Amino acid sequence: MGKQAISYYPQNADWYIDTVNHPNNKQIQALASYGLLNDTKNGFYQPNKVVDRAQAEKLFAILTGEKVGLMAATTGAFTRAELSQYIVQIYDVPKLEKVTLTDVPVNHQNYSAIQSVVSLKIVSKNPDGTFKPNQPVTKAEMAAALSQAISIYWYKDTVTHWARDEISYLKRRNLVSGISATKFGPNQPITRAQAAVLIDRALKIKVDPVKKLSFTDVKPTDPAYASISKVVQLGLIEKTQAFEPNKPMKRKEIALLFSRGLDLKPGEKPIVFKDVKTNSKYYESIQALASTRVISTNGPFNPENDLTRAQFASILAKLLQK
């Protein structure tokens, strides 16, 4: 039966013959669906096999797109302490110290990282209150930890996206919401209502009182009502007869939003965009945004193009980190 299963195993399947009844099967399949597992053989994942440091470095390189290089040694088994340190580094996990681990003293070199990942239940402690920092990590344990970290800090549809880290930066700070609990919709256009909510959260806009809107298409019961009112009052989004909350925002409008919201100023030397005329009412805002270098200044600006949710998140995250 085993040989027959191997014979018919699909070449690009996201499931494994030897993990179907494994406690960490769900997490293993999740990583496989992200394209992060490439060390299987004939449909077998070998979940209880110990991960060595070379394999760990290779997996984290696939995950981050670059060599991480946190390990002092490159051979031997990958330990639970090292796994904790890698996760803290890659996901920028906040410092938390909420658990008691009898075998991880305060002076342990990985104490802070271990405390953080256990506090967030990314890596589990043992029932007897120990962590066993030097214990080798199995492939199943690695998959479980990474899958849990991804669910906390990344959206499922941004794991391999170019703007993943910027979106994660905003997600960790509760500045951004997905289109669902697990998806961000990075390639969807950002709407006027969504942009209003994000900039309101990021800038913590305080307007007293929040004025009643006269738009015919925005009701006080709408979730974005308060944010829309704030950005309109401050002139961050131009006021028209209708707000059109579900209409995609254009790049020129985003330039106006960011330049006024963050009080950006044009640089001393103008940046030339062949598709932006100097007499355009958006010219100064576009110059101000471009001078921050958080967007490409090579080629056209494409002022009439819609901006995607990923592009908006990327600009916002970079500006907040300046």
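Worth saying up front: this structure is predicted, and the values here are computed from it rather than measured. What's counted below: heavy atoms across the whole structure, side chains too, no hydrogens, waters or symmetry copies.
- Looking at heavy atoms from C-beta onward, Pro186 lies out of side-chain contact with Trp162 at the 4.5 angstrom threshold.
- Between Tyr16 and Tyr45, the shortest heavy-atom contact is CG-CB, 3.6 Å.
- Across every non-hydrogen atom of Asp217 and Ala242, the tightest pair is OD2-CB, 3.6 Å.
- Using a 4.5 Å heavy-atom cutoff, the side chains of Ile271 and Gln287 are in contact.
- Each of Arg309, His161, Gln311 was compared with Asn187 under the side-chain hydrogen bond (donor to acceptor under 3.5 Å, both in side chains) criterion, and only His161 meets it.
- Across all non-hydrogen atoms, the minimal contact from Gly261 to Leu236 is N-CD2, 3.5 Å.
- In the hydrophobic cluster analysis, where Ile, Leu, Val, Met, Phe, Trp and Tyr join through side-chain heavy atoms closer than 4.5 angstrom, Leu289 is grouped together with Tyr283.
- In this structure a side-chain-to-backbone donor-acceptor pair under 3.5 Å is present from Ser84 to Arg80.
- Ring centroid separation for the pair Phe258 and Phe312 comes in under the 6.0 Å cut-off.
- A donor-acceptor pair is defined here as one N or O able to donate and one able to accept, closer than 3.5 Å; no such pair exists between the side chain of Thr130 and the backbone of Asp103.
- Hydrophobic clustering (side-chain heavy atoms under 4.5 Å, transitive across Ile, Leu, Val, Met, Phe, Trp, Tyr) keeps Leu175 apart from Tyr91.
- Lys247 and Glu253 are not joined by a salt bridge, as no carboxylate oxygen comes within less than 4.0 angstrom of a charged side-chain nitrogen.
- No donor-acceptor distance shorter than 3.5 angstrom exists from the side chain of Asn126 to the backbone of Asp128, with no hydrogens or angles considered.
- Neither Met142 nor Val50 shares a network with the other; the hydrophobic side chains, linked directly or stepwise wherever heavy atoms of I, L, V, M, F, W or Y lie under 4.5 Å apart, form separate groups for each.
- Pro189 and Gln194 make their closest contact through O-OE1, 4.0 Å (heavy atoms, listed as atom of the first residue, atom of the second, distance).
- Checking side-chain atoms of Lys322 against main-chain N and O of Thr292 turns up a donor-acceptor pair under 3.5 Å.
- No path of Ile, Leu, Val, Met, Phe, Trp and Tyr side chains, each step under 4.5 Å between heavy atoms, connects Val197 with Tyr169, placing them in separate hydrophobic clusters.
- In this structure a side-chain-to-backbone donor-acceptor pair under 3.5 Å is present from Arg53 to Thr75.
- The closest donor-acceptor contact from the side chain of Thr19 to the backbone of His22 lies at 3.5 Å or more, if one exists at all.
- With a 4.5 Å cut-off on side-chain heavy atoms, Leu170 and Leu320 count as touching.
- Put simply, the side chain of Gln115 does not reach to within 4.5 Å of the side chain of Leu96, judged on heavy atoms.
- Between Tyr111 and Glu97 there is a side-chain heavy-atom pair separated by less than 4.5 Å.
- A heavy-atom distance below 4.5 Å is found between the side chains of Val232 and Phe243.
- With hydrogens and angles ignored, the 3.5 Å screen pairs no side-chain donor or acceptor of Ser259 with any backbone N or O of Leu264.
- A donor-acceptor distance shorter than 3.5 angstrom exists from the side chain of Lys250 to the backbone of Glu304, with no hydrogens or angles considered.
- At least one donor-acceptor pair under 3.5 Å links the side chain of Asp222 to the backbone N or O of Lys219.
- Side-chain contact between Lys277 and Tyr282: absent, with no pair of heavy atoms (C-beta onward) separated by less than 4.5 Å.
- Taking the six-membered ring where the residue is Trp, Phe78 and Tyr86 present perpendicular rings, their angle passing 60° and hence far from 30°.
- Arg260 meets the side-chain hydrogen bond (donor to acceptor under 3.5 Å, both in side chains) test with no other residue; sequence neighbours excluded.
- A pairwise comparison of heavy atoms in Lys230 and Ile205 identifies NZ-O, 3.3 Å as the closest pair.
- Remark: the backbone N or O of Ser112 is paired with a side-chain donor or acceptor of Ser116 at under 3.5 angstrom.
- By the 4.5 Å heavy-atom criterion applied to side chains, Pro245 and Thr191 are not counted as neighbours.
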Would you mind writing out the side-chain donor-acceptor pairs for residues 148-155 within the sub-3.5 Å range, not counting sequence neighbours?
{"from": "Ser151", "atom 1": "OG", "to": "Gln148", "atom 2": "O", "distance (Å)": "2.6"}
{"from": "Tyr155", "atom 1": "OH", "to": "Gly178", "atom 2": "N", "distance (Å)": "3.2"}

